[in-house]
Amino acid sequence: MEKLRGFRDIYPEEMRGREKIFSVAERVSRSFGYEKIDFPSLEPMDLYRMKSGEELVGQTFSFVDRGGREVTLVPEATPSVVRMLVSRKDLSWPVRWFSFPKFWRYEEPQSGRLREFYQFNADLFGPDNYAVDAENISLAAGILDGYGLSGHYELRINSRELMNLLISKTGASSIPAVLGVIDRLEKTDQETLLGDLVKCGMQRKEASNLLELISTPASEPDLKKKLYALPGSKPIMEKLEKTISLVRASTNSDITLHMSTVRGLSYYTGIVFEAFGKGEKTRSILGGGRYNEMAAMLSGSPIPAIGFGMGDVVIEGLMRKLGIWNESRPSAKAYICTASTDYLEYAFTVAGLLRRSGMDTDIDLSGRSLSAQMKSAAKSGAKKAIIIGAREKSGRKVTLRNMETGEQQEVDLEGALMQF
RNA sequence: GCCGGGGUGGGGUAGUGGAUAUCCUUGGGGACUGUGGAUCCCCGGACCCGGGUUCAAUUCCCGGACCCGGCCCCA
């Protein structure tokens, strides 16, 4: 009877907040012209082998099905979405798609991470320019703002091209390895970082210069000068600055250049971004970037792409901390009590009328005393109670009680409908 | 996969090598068979699982699963 590790049961009270997560993301996405898609929960394991190699496959729920196929419960959206994209030759660009499916990853559960979770994904395919990047990032900000998180998060933006340029000026033998070190900047001490960078082939002096540069806050006026002074950086910096200013035009939230945001070892080729709760030590609440090589890896034909993913777990944690996670119980607007079960048939008739006219209606089916039923009616939060007994049935009437004021009257059915 | 911490009804708790396991809350019923959330009364519901030590384990020891958190990783 126990749940599996890292999985959750979701009760009605918790569904309220969860539905807001879904509905806001959907509404804001549509307002940006994104259309909703969905894809299978089970995919061939090879879909992830191709993209990521065996290591990531080891962190999935994978098994051999009855037909001998190696299959994987989907751990992410991108491969499936890209497959959908390249399978269609009649799409006009740009393609803006979003989805909000469940994913599964076989990892140790901890704060902000479970083995089953929902993840919102929004991608834009086709054009590749700073405005496209800015629009996708603006959608991310728009959704967080829609959750009521304005002012409570910081959106960090960086450019892989800039980082590649910086790293290529050093003696490092592998850019991805250096990015991996930088990604751990905030949770690792200086000495370890230096050592790790030296292991990547840098001189110690180069390593400390690099660390100093990427640790500089964007508010520091000299930072921009230093970056522009790098040979070859001008077009990259101009693009990055234009992107950031467009995003800032769309939201009042904090948008910052943050050079230690590099998004790990993944497949990004251009701009990268991540959102964090302000003053929280939580993991990122959302992250994404430009990944122009992905389609070519999966299909042979390159399609420029930018997108991001946002898991429900971290968002929920942040909203709970801020006290904006809604757990109130939905209440029926009408609650029908009967003097005895003899009147249930008439109660069903009345309920049918109410429901067809758009009124959520509970019928008390317990057969208990009227007083007990009234207690339930009060507890349910219903605005009106309807009492049905011999008098009401014979006169095709109902007794309508206002649960807030306690006033009640006997009215005919049409009159009752008018009251709602 | 590794490391640290944790467990008593649905939720929150008290307590104990031995007796009917405490209290609050939630849930159900009644007082009140045609009328409310208050009050009063009654009822239901728990020592994570397995092994060991012991005359006796919810309590002590070991292991496991689970929960919380950290590492790795974060697609």
Side-chain angles (χ1 to χ4, degrees), chain A residues 1-9 11 13 43 47-53 55-60 72-82 103-115 117 119 121 179-180 183-184 187-188 192 262-268 272 274 281-289 291 294 297-298 307-311 313-314 317 335-343 364 366-393 398-410:
Chain A
M1 286 300 285
E2 267 186 351
K3 288 194 305 276
L4 286 173
R5 185 168 176 66
F7 287 71
R8 355 169 226 191
D9 290 329
Y11 289 92
E13 303 89 304
E43 292 277 15
L47 192 61
Y48 306 105
R49 279 217 188 92
M50 264 188 258
K51 182 195 144 202
S52 316
E55 191 189 334
L56 288 183
V57 170
Q59 291 167 44
T60 62
T72 298
L73 281 166
V74 285
E76 58 167 324
T78 307
S80 303
V81 173
V82 170
F103 291 136
W104 296 266
R105 293 181 190 171
Y106 198 90
E107 297 182 292
E108 285 309 300
Q110 54 191 276
S111 179
R113 178 200 276 176
L114 296 170
R115 287 185 169 180
F117 54 95
Q119 184 175 287
N121 309 276
L179 292 174
D183 200 39
R184 269 173 281 145
K187 35 163 117 167
T188 315
T192 313
V262 293
R263 304 285 295 149
L265 299 168
S266 44
Y267 43 72
Y268 295 104
V272 289
E274 243 170 328
K281 278 188 296 182
T282 54
R283 61 190 67 237
S284 68
I285 53 188
L286 143 179
Y291 54 103
M294 176 66 57
M297 277 173 65
L298 287 168
F308 66 93
M310 176 188 76
V313 183
V314 178
Y335 192 102
I336 299 182
C337 306
T338 55
S340 97
T341 50
D342 296 343
Y343 308 109
D364 194 303
S366 66
R368 294 171 305 170
S369 68
L370 187 58
S371 121
Q373 293 183 53
M374 289 303 290
K375 279 186 189 175
S376 296
K379 193 159 58 179
S380 79
K383 298 281 178 292
K384 308 258 177 164
I386 289 169
I387 298 151
I388 286 173
R391 290 201 308 275
E392 288 85 355
K393 186 186 174 189
V398 296
T399 294
L400 198 59
R401 182 177 178 86
N402 182 320
M403 294 301 281
E404 279 150 4
T405 64
E407 291 163 31
Q408 74 177 47
Q409 51 182 322
E410 205 170 305

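Naming: A, B, ... by sequence-line order, numbering from 1 per chain.
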Under 3.5 Å donor-acceptor, A:R8 side chain and A:L114 backbone: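 Checking the backbone N and O of A:L114 against the side chain of A:R8, no donor-acceptor pair under 3.5 Å is found.
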Strictly distance-based, threshold 3.5 Å: is any side-chain N or O of A:T188 a donor or acceptor partner for the main-chain N or O of A:R184? yes
[X] side-chain proximity, nearest of [options]:
X      : options             : value
A:R113 : B:G1, B:U35, B:C72  : B:C72
A:K375 : B:U35, B:A75, B:A31 : B:A31
A:A372 : B:G30, B:C72, B:G1  : B:G30
A:Q110 : B:C71, B:G28, B:G34 : B:C71

Round to a whole Å and report the spacing from [atom1] of [X] to [atom2] of [N].
X      : N     : atom1 : atom2 : value
A:R184 : B:C71 : CZ    : C1'   : 11 Å
A:M310 : B:A75 : CE    : C1'   : 17 Å
A:Q59  : B:C71 : CD    : P     : 15 Å
A:E13  : B:U26 : CD    : C1'   : 12 Å
A:L4   : B:A65 : CG    : C1'   : 11 Å
A:L286 : B:A75 : CG    : P     : 12 Å
A:K383 : B:G37 : NZ    : C1'   : 14 Å
A:D183 : B:C74 : CG    : P     : 8 Å

With a cut-off of less than 4.0 Å, is there a side-chain N or O of [X] near OP1 or OP2 of [N]?
X      : N     : result
A:S369 : B:C32 : no
A:R263 : B:A75 : yes
A:R368 : B:G29 : yes
A:K187 : B:C72 : yes

Which part of the nucleic acid, if any, lies within contact of [X], taking any heavy atom under 4.0 Å across all strands shown: a base, the sugar-phosphate backbone alone, or nothing?
X      : result
A:Q408 : base
A:S284 : nothing
A:G287 : nothing
A:G6   : sugar-phosphate
A:G389 : base
A:N121 : nothing
A:Q119 : nothing

Pick the closest RNA chain B nucleotide for A:S371 and for A:R5 by heavy atoms, then say which residue is nearer the 5' end.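 Going by which nucleotide is closer to the 5' end, it is A:S371.
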Hey, which sits more toward the 5' end of RNA chain B by its nearest nucleotide, A:R115 or A:S111?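 Going by which nucleotide is closer to the 5' end, it is A:R115.
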With a 3.5 Å cut-off and no angle check, do the side chains of A:Q373 and A:S366 form a donor-acceptor pair? no
Between A:E392 and A:T399, do the side chains contain an N or O donor and an N or O acceptor separated by less than 3.5 Å?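 Yes, a side-chain donor-acceptor pair sits under 3.5 Å.
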So for A:R283 and B:C73, does any side-chain atom that can act as donor or acceptor lie under 3.5 Å from a complementary atom in the base? no
Donor-acceptor pair under 3.5 Å: do we get one between A:E392's side chain and the base of B:G34?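 Counting by modelled atom types and ignoring angles, a donor-acceptor contact under 3.5 Å is found here.
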Please report the distance separating the [atom1] of [N] from the corresponding atom of [M], rounded so that it comes out in whole Å.
N     : M     : atom1 : value
B:A31 : B:A46 : C1'   : 30 Å
B:C43 : B:C49 : P     : 26 Å
B:C24 : B:U39 : P     : 13 Å
B:G10 : B:C72 : C1'   : 37 Å
B:G12 : B:C67 : P     : 15 Å
B:A21 : B:U13 : C1'   : 13 Å
B:U58 : B:U20 : P     : 15 Å
B:U22 : B:G45 : P     : 13 Å

Suppose we define a pair by two distances each less than 3.5 Å, Watson-Crick or G-U wobble; what does [N] pair with here?
N     : value
B:A57 : none
B:C40 : B:G30
B:G4  : B:C68

Could you tell me if A:R115 sits above the aromatic ring of A:F7, with its cationic atom closer than 6.0 Å to the ring centre and no more than 45 degrees from the axis? no
Applying side-chain contact (heavy atoms from CB on, under 4.5 Å), run through A:Y335 and A:K383 and close with a yes or a no. CA-CA 8 Å; A:Y335 192 102; A:K383 298 281 178 292; over 6 Å; no
Electrostatic pair A:E107:A:R113 at N-O distance under 4.0 angstrom: yes
How far does OH of A:Y106 sit from CZ of A:R5, to the nearest 0.5 angstrom? 8.0 Å
